[in-house]
Structure formats: structure tokens, C-alpha cells
Amino acid sequence: MNYEHCIRCTICVENCPVFRVNPDFPGPKQAGPDAQRFRSEKEKAQDEWVFLCSQCKRCEMACPCGVEPAQIILREQQRYGKEHPQTATHLLFANNYYLSALGSLTAPLANKFASTETGKNILRKIGISTYIPFPKFSFRTMRQGKKNLNKGTKKVAFFYGCFINFYRPDIGRKIVRLLAAMNVDVVLPPQWCCGLPALGNGNLALAKYFAQKNASSLSDYIDAGYDIVYACTSCGLCILHDYPGIMEIPQGKKIAESSYNLHEYIIKLINEGYAKPEFGKVRRKIAYHIPCHLRALKIGYPAQKLMATIPGLECEIFDDTCCGLSGSYGFKENNEFTAIQIGNRAVSLIKKTGAKNIVADCGSCRMQLEGLSGITALDPAEILCESLNITNQK
Amino acid sequence: MSVTEYDVVIIGAGAAGLTTGALLAERGFNVALVTTGEPTACLSTGCIDVCSCDENPLTGIKNLPPEHPFHLVDEKTIRQSLNYFQTVMMDMGMPYAGSIEKNRSVVSALGTFKTSCLVPSTMEAAPQNNTDSIHIVTFKGIKDFYPGYIVSRRKNTNFSVFDAGVYSIMSIASRFEDKNFFERFIIWMDKLRIDEDKIALPAVAGLESASEIVNSIAVLMGKPVFEIPTIPPSMPGRRLFNALKKYFRKKGGAIYWAWPVVGTEKTGKLIEAVTTHSEGRPNSINARAFILGTGSFVGGGLTATRQDITENVFNLPVHISGPRETWFDNDYFSLNHGIGRAGIIVDSSMRPADSPWNNIFLCGGILAETEILKNGCGHGLALATAHAAAQSCAEYLSHEL
Ligand SMILES: Cc1cc2nc3c(=O)[nH]c(=O)nc-3n(C[C@H](O)[C@H](O)[C@H](O)COP(=O)(O)OP(=O)(O)OC[C@H]3O[C@@H](n4cnc5c(N)ncnc54)[C@H](O)[C@@H]3O)c2cc1C
Ligand code: SF4
Ligand code: SF4
Ligand code: SF4
């Protein structure tokens, strides 16, 4: 976070996907350490363009000096958000949880609205981009799903996140079965949006509100001997990085210490000799898009490690490309061009491999890449389930 | 991940670390690489300097002072390491030109000649003297390249400016990967009716496929075309890094980004694991051997304070010739700053001298007595010592089994 450690080498700039395609964004070096020298808590936040940063954190992963440009920008986004009235789009996406909750209660209607021309026009009017289909709301969300599937000694509280909950609960159910197949006791703790969309829209207060609700719930489970497992890499990063960090959640550190990425957790179970899954053949060629936030979690690429043990599976890694969507970022109309340009680069590299599927841990990456390429995108857990012959049918 | 076990962990993603990693992975070892961030290669011209003190780099190396780490590597290994590099880069679609027996020149962004040994094929056509006339094509609004410097130094040199619609080196380079952009550029260039001998571009001709792009321009214009490396951000340096990284991965190596090593676990004469901070639990990676390729001051391997210089991972003893007063020359632009000799002294097996560790091997900029700036031996030394370190490490691992 110390901007004075910056040696102005511009390595971060070269890694910024937004800077590459959008000349209006000055890039991580200028928006981060450089501009920080001129910012003062006594003056009103000026730089509206900080919102052009998608918070992919690629700059931080590349900086050789440990400067954290994304973090500096994130703080400025919060300061700007607090000092200026929020636009309708910002508010809407910050509250994405309520939007989604509403959407999934009225799924058929909401889907119809988002796919009609009038619906699209209304969405565009309030600044929501419609170049890829707005995610379809799902009728039966995770929260109404079943609890305890198996009795075992290891206990996991699964933080499934908004995307799985509202749009793809089928993947959530598969993950529960996957963990159960490892002889783990899985529960679905009471949970809300992780808070990341609110943070990305400069609404720290709302982000904290969600985070605190989650923290109280998760903390109780940890006290009762549960490990927390998350699947979406962006929720994971928010919980591990932002709860104890910018959101200053009192239980943040404790939660970070007991939270695991799904695949990291499975590897832990295997290494401890607790689980011995026998992966069966999956004859397929996949392009594994590493979500930026998986990289930022600094845990390596655990799903890739597991997939490497699956016979027949050919897997090529793509970690130099951002999908461009970054959750709600790319759905905002003024980021649409940026998001498409970034995404198209990822897609053109993936298409060169001739892969049959794209695989990514993050729901929004999958939505973007599938939307732009027409290639079906899967969660790595779906590949593991296929290999272990786990289906959603009993 | 607490219980991850590898044969070798490489620390540092520079030319040295990535090369050692690829060599060990090729021999069948299970290799992981951890790094704080991207290496100095990204700041470099992408040219492989081996030894710029003599027309023939091999002769230059022979004449280096006896304490120079190049003398730890025999001539056969030096030749082998550069051949290997050229094969790797060819495989990655980024061929390099040049020979270990003769240095060559590239034109710098200041219009001077830079001496190097192996150069990206995109710079192969650079004039070797002042006779060729040159037409520079530059880009509107570009901040890191001023043709005026070159025009003021060279006779028979003119320039034209193309409006790419974007103004940073990175953005222009990615535009070049786009067919429509490329066509627009060629049509514009055709209209210039260039009659100079050669065409020069700042090094922005693409990211992944630069060598094809420069070739196509040369074929379409019917003239030799070459790139001029810019000050950082440097595309040829980034291409070099990307290619080495891709090759390491292709050989089965795993990379952990943003993992600055902050601690170690040791028993007796062995390092057991390196640890890093992360938000939740501390990460630790176990391995049987470790390669230290953390570079010098800019790379992050060494830190200087008012009193002394420290090595940041294993706290190895740093060799500094003399007290602080001798670190610097009075002349800022001098090539003789004593601090250029700081680093770690190793024995012929590339293990740190004067330290108890049996399973650490060093290579690249972290070594003592390199004087990289003075001797013009950056990437070349990194590649050669990478081969030496990989060799020793492989022997150690095979015996240990
Ligand atoms: C501005 C500049 C321009 C140059 N131009 C040229 C040129 O044109 N041609 C040439 O031949 N040479 C050039 N050099 C020299 C050349 O880059 C280096 O000598 C050589 O490549 C050293 O490589 P390396 O692998 O040893 O280390 P570096 O490239 O320094 O890389 C060190 C790596 O270690 C990582 N690291 C550091 N500390 C830690 C830690 N605690 N934990 C984990 N990881 C860590 C860093 O993040 C980095 O990835 C240049 C150097 C500089 C600084
Ligand atoms: S923030 Fe880091 S990567 Fe960016 S210019 Fe500064 S030192 Fe370089
Ligand atoms: S977080 Fe991503 S978009 Fe924002 S400045 Fe860093 S690299 Fe650019
Ligand atoms: S949506 Fe995925 S690829 Fe895009 S910025 Fe977020 S994590 Fe990165």
C-alpha cells in the first residue's frame, strides 16, 4: 500500500487490461501511486475516473516492489463514493443482492423482461449494458436446498455466493455433493452478498453492512468447528482480503484464517489422507481461464492441480487474460466497450487452442467468455464431478 | 496450501529463474516457481547481452576479472545455454538472431548503438554503422519514444507519424495484433513512398506475434524493417518474459504469483520450505532443493540500507567490496560504482559460499562481482549461470534419492 515504494517502472501499467483498451483511464501507476501523492484527506475526492478501474488486481500481482495500486485506487473509489451522490447504476449494482433476490423470486418474469427489446432499452436507459444476455435468474435458489447430506468428522460451511445462488444453484448442489463424496459434512450457513459489488461501486457503508452480517454468521460456524469453503473466487478474495482489510470487520482475520477455496480444500483433504477420490477419465480439451481474483488470492491454481490428475483431460492455462466483465463493471454501459475489447482478446487466444470448453472458477468470467465466444463455459467443480461420476440426480 | 511438496522451488521469475525451472522440469523434476512480481527482463530491451567488452563475447568473458561469476561456467556450457535459449525462443515463435562469437549492434531510442549478442529477429535488420539511410515511422502522442533524438544523431534519417488512435506503447502493440488495424497501417505506409534504405519502428509491433508482424511489413514494403527498443515499458522485454514463462509452463512448471518469500523452515544443513504471507493462513511450500534467482537491487533480491546490504530470502552473507564510501563513484554516469559488485559469492556448484546450506543454488543477478552495467552481461550471465545451477541441482537431487 505504500506508494512511496514505487520505482515508476510501469510494469503495472503493462499489466492493466483497462489501460490497454481505454485511453481515458490513466493506468495503475498514475491512478495509484502517482496521483496519491497529490491527494489529501482535507480535499474533496476529484478523480471520477477511478471508477474506470475494474479492480482486477493484475497491477498488484505484477508489481515487483509490493506497491498495491489497486488498493490505493479502491480506497479512492470509496472516498469518491462517499463524497458524491451515487448514480442510479452504481446504487443498483451495489444492491445487486436485492435486485437478484427479487429477480429469482419472480424468475420467469424477470428473465422475460431482460430478454425483450423494451426490457433491454430500459436496462440501457439506466446504464446497464446488454451486449451479452443478462444472466438468467433461477427459480429454486441454494438457500431453499437441503442441508446435511452426509455424516463425517470434517465439517464445512459452504459460502456459495450470489452467482451460484441466484443464477446457477445446480452448480452449488453439485459442489455440495462433491464435498459429500469426500466424506465431508456440508451445511449452508445463513449468508448474504459478500459485499464486493457494493465496494466496486464505491459504497463502503453498504459493503460493510453485508460483510458484517456474513461475518457474524460465519464466525458462529467457525466456533462450532466448521471450516468455511467458498467456490467463487471473487467472493473468496473479498472475504479474505477486504473483510480484515478495507472493511475492518472485527472477525475478519479469524474468518480469513479458516476460509478455503473449494479445490484448495479438496487438496488439503487428499494431503491429510482424509479423502482418496479416484478420478475417472474425462476425454476433453479445455481452456482454463484463471479468474484475476483467483490469481490475487495467492493460493496458486488449486483446481488446475486437481484437474491435472484427471486422465484424458487436456488443459491449457490462460492467466494473462482478463475476461473484462469484472462482476458488475462490464454491465455498466460506459464500460461496455472496454469490457468487450478486453474479453475479445481473451476469446481470440482461447479459440486458437480449439478447446471444447472454457473452464473458470468465477461465474461472471464464464458468463462473459461464453457470451463472447459461444463456447460452453464450465466451473472446474463440474469437471471434477464428471470425473467422479457425480450428478445432480439422486 | 500448507502441505505442498515439490522437488524444486525456484524463487524469482527472471531470465535466470525461468530458465533453471524449465531445465529442471525437462529432466522430470516436479518444479514450482514463486515470485514477488515481474522481473527486470520486462524493463530490458529484450536483447541478450553476454559480454559487451569485446567484439567477441567469448574473448570478453576470458578477460573479465578472475572473481567474475562467468568464470564458474565453462565455455561449453555458455555455448549450450545460448543455443538452448535460441531453440526455446524459436519454439515460442520469437526467434533470436546472432552468434556467441560476434557481438552486434541495435539502434537505441537515443540514436546511439547498443552492443549486444543475441537480438530479437525484429531488430536483426538494424544498421551496423552510419551509412544506411533510415525512415522512422512513429506514432502520434506516444510518450516514450522521440524520433528527434535519433534524427539529431544520424544523417540520412527522416520520420513520419502515424495516428493509431491510442497513445501508449502497450495499447499500440495490442492494436498491431488486429488485422484491420494492420491493413490500415500498411495502406498509410504505402502512400509515404519511402525511399530510404531501411524502415524503423519503435518496438510496438505486436505482443504475441511481433516477429511475423515485422516480417510482413518488410515483405509488403519491400525493405528491411527493424524495431528500436523504447525505454520502459519495453515490449521486447515483455515478449521475452512471456515466452520464457510460457515455455516453463509448457514443460510442466507451476507458477505462484505475488508470493514474496518472507521466511524459511530449516533443519540442519537443509532448507525444508519457504513461506509467504497471504490473507488467511501463511503459505508454505516444501521442496528438496531451492533455486535463488531473485536478482539484484531492482529485481528485489538485495536491499541496501544506510549501513549495509542484505539478501532478502535466506539472509545469506552479502559480499560488498569495502565500506559504504566505496559503493559509489562521484560521477553519476560512471560504470564503476562499487555497488555493482554487491551480491552473493558462490562456489563452483553454485551453492552460497560461507553458509551452511546444502540445497540452495544461485543464478543470475544475485551473484557477486557481476558488474552487469560495466561488462554488458545481463541476460547472458543469467542464462549461463542458470544452466550451471540447474546442473548442480539436478546432480544433488539424483544423489539424494
Ligand atoms: C532497467 C534495466 C534494463 C536492463 N536491460 C538489459 C538488456 O537490455 N539486456 C540485458 O542482457 N540485460 C539487461 N538488464 C540486466 C538483466 O535484466 C538482468 O541482469 C538479468 O536478467 C537478471 O535476471 P535475474 O533472473 O537474475 O533476476 P531479475 O530479472 O532481477 O528477477 C528477479 C525476480 O525475483 C523476484 N523476487 C525478488 N525477491 C523475491 C522474494 N523475496 N521472493 C520471491 N520472489 C522475489 C522478482 O519479483 C523477480 O521476478 C537490465 C536491467 C535493468 C534493471
Ligand atoms: S506501482 Fe509497482 S509496478 Fe507500478 S510503476 Fe510503481 S513500482 Fe512499478
Ligand atoms: S486493478 Fe486492474 S483495472 Fe485497476 S488499475 Fe489495476 S490492473 Fe488496472
Ligand atoms: S470477471 Fe473474472 S476475469 Fe474478469 S476481472 Fe473478474 S475475476 Fe477477472
Side-chain angles (χ1 to χ4, degrees), chain A residues 7-16 19-23 27 57 60-67 236-237 239-245 252-253 255-261 264 267-268 270-272 295-302 304-305 308 316-317 319-320 341 344-345 348-349 352, chain B residues 1-5 12-14 32 34-40 42-43 141 144 165-175 177-178 207-208 231-235 237-238 241-242 245-246 249-250 252 254-260 276-283 285 295 297-300:
Chain A
I7 58 166
R8 320 195 83 238
C9 67
T10 68
I11 280 180
C12 55
V13 183
E14 290 180 44
N15 277 277
C16 174
F19 180 78
R20 189 181 284 190
V21 299
N22 184 353
K57 319 260 189 213
E60 289 183 8
M61 295 304 103
C63 174
C65 302
V67 179
L237 185 67
I239 293 173
L240 271 92
H241 184 81
D242 297 327
Y243 281 20
K253 191 159 182 293
I255 295 174
E257 279 165 5
S258 317
S259 300
Y260 298 83
N261 162 281
E264 181 191 15
I267 291 177
K268 178 172 135 81
I270 296 172
N271 281 347
E272 288 172 2
R295 236 168 93 127
L297 273 160
K298 304 183 190 174
I299 53 172
Y301 307 149
Q304 186 247 333
K305 261 198 185 156
E316 190 165 339
I317 297 186
D319 69 350
D320 269 340
Q341 292 275 306
N344 278 339
R345 175 163 179 267
S348 79
L349 290 176
K352 276 188 199 155
Chain B
M1 223 168 298
S2 50
V3 266
T4 314
E5 174 83 43
V34 300
T35 183
T36 308
E38 295 190 349
T40 58
C42 297
L43 307 175
D144 305 296
V166 282
Y167 311 103
S168 73
I169 287 192
M170 192 71 185
S171 331
I172 300 173
S174 48
R175 286 299 145 97
E177 301 281 339
D178 173 39
L207 295 164
E208 284 88 15
I231 57 167
S234 156
M235 283 307 115
R238 173 151 300 274
F241 167 61
N242 281 343
K245 185 173 72 179
K246 208 160 139 200
R249 275 240 177 86
K250 186 176 156 190
I255 304 184
Y256 292 79
W257 296 106
W259 271 46
T276 71
H277 282 310
S278 89
E279 313 302 335
R281 303 153 297 280
N283 293 305
I285 303 196
F297 296 98
V298 181

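Below, all heavy atoms of this structure are taken into account, side chains as well, without hydrogens, waters or symmetry copies. Remember, it's a predicted structure, so these values are computed and weren't measured experimentally. Letters A, B, ... mirror the listed sequences (proteins, then strands); counts begin at 1.
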Select one option (side chain, backbone, both, neither) describing which atoms of [X] are under 4.5 Å from chain A's heavy atoms.
X	answer
B:Ser174	side chain
B:Lys245	side chain
B:Ser234	backbone
B:Asn242	side chain

Go through the atoms of [X] and report whether side chain, backbone, both or neither lie under 4.5 Å from a heavy atom of chain B.
X	value
A:Arg345	side chain
A:Phe19	both
A:Asp320	side chain
A:Ser258	backbone
A:Leu349	side chain

Ignoring hydrogens and angles, tell me if any N or O in the side chain of B:Arg281 forms a donor-acceptor pair with the backbone of A:Glu257 under 3.5 Å. yes
Could you give the distance from [atom1] ([X]) to [atom2] ([Y]), rounded to the nearest 0.5 Å?
X	Y	atom1	atom2	value
B:Asn283	A:Glu264	CG	CD	7.5 Å
A:Arg20	B:Met170	CZ	CE	3.5 Å
B:Leu43	A:Ile7	CG	CD1	6.5 Å

Heavy-atom pairs under 4.5 Å with chain B - which of A:Cys16, A:Ala308, A:Pro64 has more of them than the others? A:Pro64
I need the minimum non-hydrogen distance between [X] and [Y], along with the two atoms involved.
X	Y	result
B:Arg238	A:Asn15	NH2-ND2, 3.5 Å
A:Pro23	B:Val166	CG-CG1, 4.3 Å
A:Arg295	B:Trp257	NH1-NE1, 3.6 Å
A:Cys9	B:Pro232	O-CB, 4.0 Å

Stepwise salt bridge (Lys or Arg N to Asp or Glu O under 4.0 Å) test for A:Asp319 and B:Arg249: CA-CA 11 Å; A:Asp319 69 350; B:Arg249 275 240 177 86; 2.6 Å; yes
Picking from B:Glu177, B:Glu208, B:Arg175, which has the most non-hydrogen pairs under 4.5 angstrom with chain A? B:Glu208
